[in-house]
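The structure appears right after this line, and notes come after that.
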Protein chains: 2
Amino acid sequence: MSELLASARERLCADGAANLSLRAVARDLGVSSSAVYRYVESRDALLTLLIVEAYDAVGLVAEEAAAGARAAASPPAQTWLAVARGVRTWALANPHSFELIYGTPVPGYQAPQDTVAAALRTWAVIVSIMLEGFDDGSLTPAGPDFDPDGLVTAEVFAFAGMGAPGDVPTETARGVVRSFTLFASLIGGLTAELYGHLHRVADDFPGVFDATIATAAAGVGLHIDLLG
Amino acid sequence: MSELLASARERLCADGAANLSLRAVARDLGVSSSAVYRYVESRDALLTLLIVEAYDAVGLVAEEAAAGARAAASPPAQTWLAVARGVRTWALANPHSFELIYGTPVPGYQAPQDTVAAALRTWAVIVSIMLEGFDDGSLTPAGPDFDPDGLVTAEVFAFAGMGAPGDVPTETARGVVRSFTLFASLIGGLTAELYGHLHRVADDFPGVFDATIATAAAGVGLHIDLLG
DNA sequence: TCGCAAGCGAGAGCGGCGCTCTTGACTCCG
DNA sequence: CGGAGTCAAGAGCGCCGCTCTCGCTTGCGA
């Protein structure tokens, strides 16, 4: 079973998610195609396993980057930059895994509950950075005013340890909503780079990525220093 | 040929890009599968045609939204909001077309020159809004300082009518780089919403989208009024 | 020690796919 | 009337996901 997953990972790296073939994995293992079905229910189930692995991998990368930055006493803004750079490095090294989770969903669509827990790890890192910014007062949003009521689910506030939505100060709730911009700029920036939308547009990809992340973060209120 | 494209569009809407089958299109047309190869070289070539159509469609939507906002004498920030909302509406109505251009590239990768011209339409809209902001002085970036030298290609400055990179003032060049954040937040926000990353996180999808766009735009220097 | 059940893999087979090649019908023009 | 060109159909190749049946092995209770 672990051999099967290893072989599938390899195939994924080589051919991409769309071309991942159960028969090819079976051939790699020197086994008949039907034998694979003893271990995995279907091709989609195999993909789901790889999706969970990918979520865990990117979550781990984000956690480690954040921990490293905090160990160096970085302010929240620099911690976020470190996380974003870490995720980018991972995505460039594992483009097919990135596709798997942030690209087009392959089947009709699914999202079994297993994937949700793994996906939360990255969100947790973002939330923790926002909270850190609230606490040390370095969070000074340039972002717009808006009414945050009803935008996000109660689960999110509970997840961030803020209690019921009614108990959350308006400015804090706005901060939570704004944190989506961190996520969106990260996914969007990586999508643009990996899928060729910067072709003939950007020359210095890491530089453009940093600038994109830092500009979006400035709207959120995290002022990243790119010159230091 | 036009019937073929129409049928392919229909199949795309129904089944998605990954499941678009040349044989199915042929069946819809009441024609043998081999007959389709008279008109289109391969499945990928058919997809490329649809990709160009999608780029043109989203470009047109963006242009019309910008024109409408300008006709109403909106400031650049509100024009950008109108464009983003227009693109979102289009993406929700045509999710498979959105996937085609901003999702995972289906084949190895290609990007024939045909697609580049169509893709530029959307960039042109973004650039025009930025220039408008420069001109009327409403562009006040909260974004970080960085050295913009060498980040973007000379083509971009030429495309924006700014001449050679050496002639562009540093702050203007920074603005051009920052405009990538508009693009990234748009793609990232839509990716997150369409591909289920806001599941159990956001309640009010249009509201979260607006807030995301406006927050990122604030970093760029376009201050969108969401309350008015 | 024997017998049986459970687990496992191989192979054949189904329908569908992209794509190619041959064959035959139809049209147009010298 | 006859050749040339255009077009579609059909068969066929190798691939895919998936199912089913059939043997082989293993292990365990009698």
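Below, chains carry the letters A, B, ... as their sequence lines are ordered, and counting in each starts from 1.
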Separation of [N] [atom2] from [X] [atom1] (nearest whole Å):
X	N	atom1	atom2	answer
B/L20	C/dC17	CG	P	11 Å
A/Y37	D/dC18	OH	P	4 Å
B/R43	C/dC19	CZ	P	8 Å
B/D44	C/dG18	CG	P	10 Å
B/E41	C/dT20	CD	P	9 Å
A/M1	C/dC8	CE	C1'	15 Å

Without placing hydrogens or testing angles, list every side-chain donor-acceptor pair under 3.5 Å for residues 96-106 of chain A, not counting sequence neighbours.
{"residue": "A/H96", "atom": "NE2", "partner": "A/C13", "partner atom": "O", "Å": "3.4"}
{"residue": "A/T104", "atom": "OG1", "partner": "B/T104", "partner atom": "N", "Å": "3.0"}

Query raised in the report: About how many Å separate CD1 of A/I126 and CG of A/L120, when rounded to the nearest 0.5 Å?
Result: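 Reported to 0.5 Å precision, the distance equals 11.5 Å.
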Side chain to side chain donor-acceptor pair (under 3.5 Å) partners for [X], two or more places apart:
X	result
B/D204	none
B/R70	B/S128, B/E132
B/S7	none

Query raised in the report: Among all residues two or more places apart in sequence or in another chain, which pass the side chain to side chain contact (heavy atoms under 4.5 Å, CB included) test with A/E53?
Result: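 Here the qualifying residues are A/L5, A/R9, A/L50.
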**Report entry** Set of side chain to side chain contact (heavy atoms under 4.5 Å, CB included) partners for B/L22, sequence neighbours left out
**Finding:**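 Partners of B/L22 under the side chain to side chain contact (heavy atoms under 4.5 Å, CB included) test: B/V36, B/Y37, B/R43.
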Give each protein N/O atom lying under 3.5 Å from an N/O atom of nucleotides 14-16 of chain C, with the pair distance.
none

Query raised in the report: Partners of A/W123 by ring pair (Phe, Tyr, Trp, His ring centres under 6.0 Å), sequence neighbours excluded?
Result: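 Checked A/W123 against ring pair (Phe, Tyr, Trp, His ring centres under 6.0 Å); matches are A/F180, A/F183.
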Report task. Mind jotting down which residue pairs meet the salt bridge (charged side-chain N to carboxylate O under 4.0 Å, His left out) criterion with at least one end in residues 20-39 of chain A? Sequence neighbours excluded, please. Result ->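 Found A/R11-A/D28.
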Query raised in the report: So which pairs with a foot in residues 191-202 of chain B pass salt bridge (charged side-chain N to carboxylate O under 4.0 Å, His left out), sequence neighbours left out?
Result: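 As it turns out, the salt bridge (charged side-chain N to carboxylate O under 4.0 Å, His left out) pairs with a partner in residues 191-202 of chain B, which skip direct neighbours, are A/E155-B/R200, B/R88-B/E193.
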Would you list the protein and nucleotides 6-9 of chain D atom pairs, both N or O, that sit under 3.5 Å from each other?
{"residue": "D/dA8", "atom": "OP1", "partner": "B/Y39", "partner atom": "OH", "Å": "3.0"}
{"residue": "D/dA8", "atom": "OP2", "partner": "B/Y39", "partner atom": "OH", "Å": "3.2"}
{"residue": "D/dA8", "atom": "N7", "partner": "B/R38", "partner atom": "NE", "Å": "3.2"}
{"residue": "D/dA8", "atom": "N7", "partner": "B/R38", "partner atom": "NH2", "Å": "3.2"}
{"residue": "D/dA8", "atom": "N6", "partner": "B/R38", "partner atom": "NH2", "Å": "2.9"}
{"residue": "D/dA9", "atom": "OP2", "partner": "B/S32", "partner atom": "N", "Å": "2.6"}
{"residue": "D/dA9", "atom": "OP2", "partner": "B/S32", "partner atom": "OG", "Å": "3.2"}
{"residue": "D/dA9", "atom": "N7", "partner": "B/S34", "partner atom": "OG", "Å": "3.0"}

**Report entry** Estimated bend of the helix from C/dT1-D/dA30 to C/dG30-D/dC1 (axis per five terminal pairs, rounded to 10 degrees)
**Finding:**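 Between the axes fitted at each end of the helix from C/dT1-D/dA30 to C/dG30-D/dC1 lies an angle of 30°.
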Requested in this report: For residues A/G150 and B/D203, report the shortest heavy-atom separation together with the two atoms involved.
Outcome: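 Taking every non-hydrogen atom into account, O-CB, 3.3 Å.
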Query raised in the report: Counting any heavy atom closer than 4.0 Å, what does B/L29 reach on the DNA or RNA strands: base, sugar-phosphate only, or nothing?
Result: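 The answer is nothing, as B/L29 stays clear of every strand by at least 4.0 Å.
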